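Here's the structure, in structure tokens; my notes come after.
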Amino acid sequence: MTPLVAIAGCPNTGKTTLFNRLTGATQTVGNWPGQTVDRHEGVVIAGTESFRLVDLPGTYGLCAVSAEESITTGFLAEKRPDVVITVVDATTLTPGLHLASQIAEAGFRQVVALNMSDVAERRGIEIDDSALERALGARVVRTVARRGDGIDELMAAAADAALDSRQPAPLVLDYGPVIERHLGGMVSTVLGIPEVRDLGAARWMVLQLLAGDERTTRLVAAADGGSEVISRSDRALADIGAQVGFDVEIALAEQRLGLVSGILARATGPG
């Protein structure tokens with residue numbers, strides 16, 4: 001089966017320009033099922049292997065709000081691509097790293113394209129690629145999509161990741177004692193129900209349920225034994241909210257932004 005590579009990124013990061021560079025004349029354009037949003041697919045050859053590339057609509061996170069975000073989160077959850085190329089604007093790192101950290105939490109093999117790196121350099125933005133790689137558990141490749149710089153290196157890195165037989169280790173972020181206590185119990189429940197466990201990385205699935213992601217909720221509810229997980233999630237939401245004093249979704253977002261701030265402190269110099 002042809003390995004599947006998804007290209008994700010926040011809006012206006014050069015994601016589609018990079019996709020066009022990679023796929024050239026092989027790409028096709030249609031609509032996502034039930035949507036007027038364009039669907040771009042193509043084929044690229046790296047070494048002796050062919051890869052199917054899908055350019056996902058721009059999104060700032062993996063909890064769906066808009067139609068575009070729903071498509072992106074749904075595709076990742078249901079198709080489970082072999083690797084995700086996450087395009088990050090090197091001049092404005094925070095939104096892209098927020099997305100990349102969630103993709104790492106979800107347990108995907110990931111390669112980060114640090115795009116517009118030429119503009120970042122001109123602005124004096126210093127970025128430690130190795131620090132980013134250590135923090136995200138992903139290869140980082142500098143690109144300038146509009147010129148085609150770094151494209152071959154990026155696809156070679158994506159090919160290596162896609163063909164890696166080792167199970168990727170999801171990024172684990174500590175959400176504090178209250179949330180972690182419920183996360184641990186819910187993950188144990190998920191792991192004990194094969195039909196739910198097979199839907200994806202257990203911890204990420206639980207985090208999506210607590211964040212109110214509708215697609216994850218529907219997928220879990222439809223699985224045999226999923227109602228037990230949904231019931232436990234509802235109880236956890238009420239208990240966590242009562243203890244922390246605000247919505248769980250806000251608590252999760254604050255911890256993720258704290259993670260991104262820590263990454264930035266380690267990986268960037270004065271700009």
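Because the structure is a prediction, the values reported are computed rather than measured. The residues of the chain are indexed from 1 along the displayed sequence.
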Between the main-chain N or O of A131 and the side-chain N or O of R266, is there a donor-acceptor pair closer than 3.5 Å?
-> no
For residues 175-218, pull every pair meeting ring pair (Phe, Tyr, Trp, His ring centres under 6.0 Å), keeping only residues two or more places apart or in separate chains.
-> none
For T59 and L99 the tightest heavy-atom approach is O-CD2, 3.5 Å
Transitive ILVMFWY cluster of V172 at side-chain heavy atoms under 4.5 Å: who else is in it?
-> none
Would you check if the side chain of S101 reaches a backbone N or O of H98 as a donor-acceptor pair within less than 3.5 Å?
-> yes
Rounded to the nearest 0.5 Å, how far does CD1 of I103 lie from CG of L171?
-> 12.0 Å
Please list, chain by chain and in numerical order, all residues satisfying side-chain hydrogen bond (donor to acceptor under 3.5 Å, both in side chains) with T143, sequence neighbours excluded.
-> N115
Do Q255 side-chain atoms and G176 backbone N/O form a donor-acceptor pair below 3.5 Å?
-> no
According to a 4.5 Å side-chain heavy-atom criterion applied to Ile, Leu, Val, Met, Phe, Trp and Tyr, with indirect links allowed, do V140 and L259 form part of one hydrophobic cluster?
-> yes
Taking side-chain contact (heavy atoms from CB on, under 4.5 Å) as the test, write out the residues that go with S227, two or more places apart.
-> none
Looking only at heavy atoms, which two atoms of V196 and D224 are closest? And how far apart?
-> CG2-O, 4.1 Å
With a 4.5 Å limit on heavy-atom distance, are the side chains of L252 and L173 in contact?
-> no
What about M116 and I125, same hydrophobic cluster or not, with Ile/Leu/Val/Met/Phe/Trp/Tyr joined at side-chain heavy-atom distances under 4.5 Å?
-> no
Kindly state each residue pair satisfying side chain to side chain donor-acceptor pair (under 3.5 Å) with at least one member in residues 45-56, sequence neighbours excluded.
-> K15-D55, T16-D55, E41-R52
Could you state whether Y60 and I263 fall into the same hydrophobic cluster, counting links through intermediate Ile, Leu, Val, Met, Phe, Trp or Tyr residues with side-chain heavy atoms under 4.5 angstrom apart?
-> no
Please test L132 against V112 for side-chain contact (heavy atoms from CB on, under 4.5 Å), starting from the C-alpha separation and ending with a verdict.
-> CA-CA 9 Å; L132 290 181; V112 173; 5.9 Å; no
Got a sec, which residues hit side-chain hydrogen bond (donor to acceptor under 3.5 Å, both in side chains) with R146, two or more places apart in sequence or on another chain?
-> D118
Quick one: closest heavy-atom pair of A77 and L219, and the distance?
-> CB-CD1, 4.4 Å
Which ILVMFWY residues can you reach from V83 by hopping between side chains whose heavy atoms are under 4.5 Å apart?
-> V5, I7, L18, F19, L22, V44, F51, L53, I85, V87, V111, V141, I151, L154, M155, L163
Heavy-atom pair of closest approach, residues R39 and F75 = NH2-CE1, 4.3 Å
So how far is it from D247 CG to L210 CG, rounded to the nearest 0.5 Å?
-> 12.0 Å
Reported CE-to-CG distance for the pair M186 and L191, which is rounded to 0.5 angstrom | 11.5 Å
Write out all pairs satisfying salt bridge (Lys or Arg N to Asp or Glu O under 4.0 Å) with one or both partners inside residues 91-112, taking only residues at least two apart or from two chains.
-> E105-R256
Starting from I45, walk the hydrophobic network (Ile, Leu, Val, Met, Phe, Trp, Tyr; side-chain heavy atoms closer than 4.5 Å) and list everyone else you reach, by chain and number.
-> none
Return the minimal non-hydrogen interatomic distance between V84 and P81, and the atom names on each side.
-> CG2-CG, 4.0 Å
Report, as yes or no, whether the 6.0 Å neighbourhood of atom CD on E180 holds more than 12 heavy atoms from other residues, nucleotides or ligands.
-> yes
Can you tell me how far the CG atom of D152 sits from the CZ atom of R21, to the nearest 0.5 Å?
-> 11.0 Å
Got more than 12 heavy atoms from elsewhere within 6.0 Å of CG, D239?
-> yes
D213 CG to T73 OG1 distance, which is reported to the nearest 0.5 Å = 5.5 Å
In chain order, what residues pass the side-chain hydrogen bond (donor to acceptor under 3.5 Å, both in side chains) check against T91, with sequence neighbours excluded?
-> D89
Atom of E121, atom of R142 and distance for their closest heavy-atom approach = OE2-NH1, 3.5 Å
Here the gap from D198 atom CG to M205 atom CE, rounded to the nearest 0.5 Å, amounts to 8.5 Å
Look at atom CG of N12 and say whether more than 12 heavy atoms of other residues, nucleotides or ligands are closer to it than 6.0 Å.
-> no
Residues passing the side-chain contact (heavy atoms from CB on, under 4.5 Å) test with R80, sequence neighbours excluded, are F108
Each residue besides V43 in its hydrophobic cluster should be listed here, by chain and number; the cluster joins Ile, Leu, Val, Met, Phe, Trp and Tyr at side-chain heavy-atom distances under 4.5 Å.
-> none
Verdict with supporting geometry, R215 and Q208, side-chain contact (heavy atoms from CB on, under 4.5 Å) | CA-CA 9 Å; R215 185 178 292 271; Q208 288 291 80; over 6 Å; no
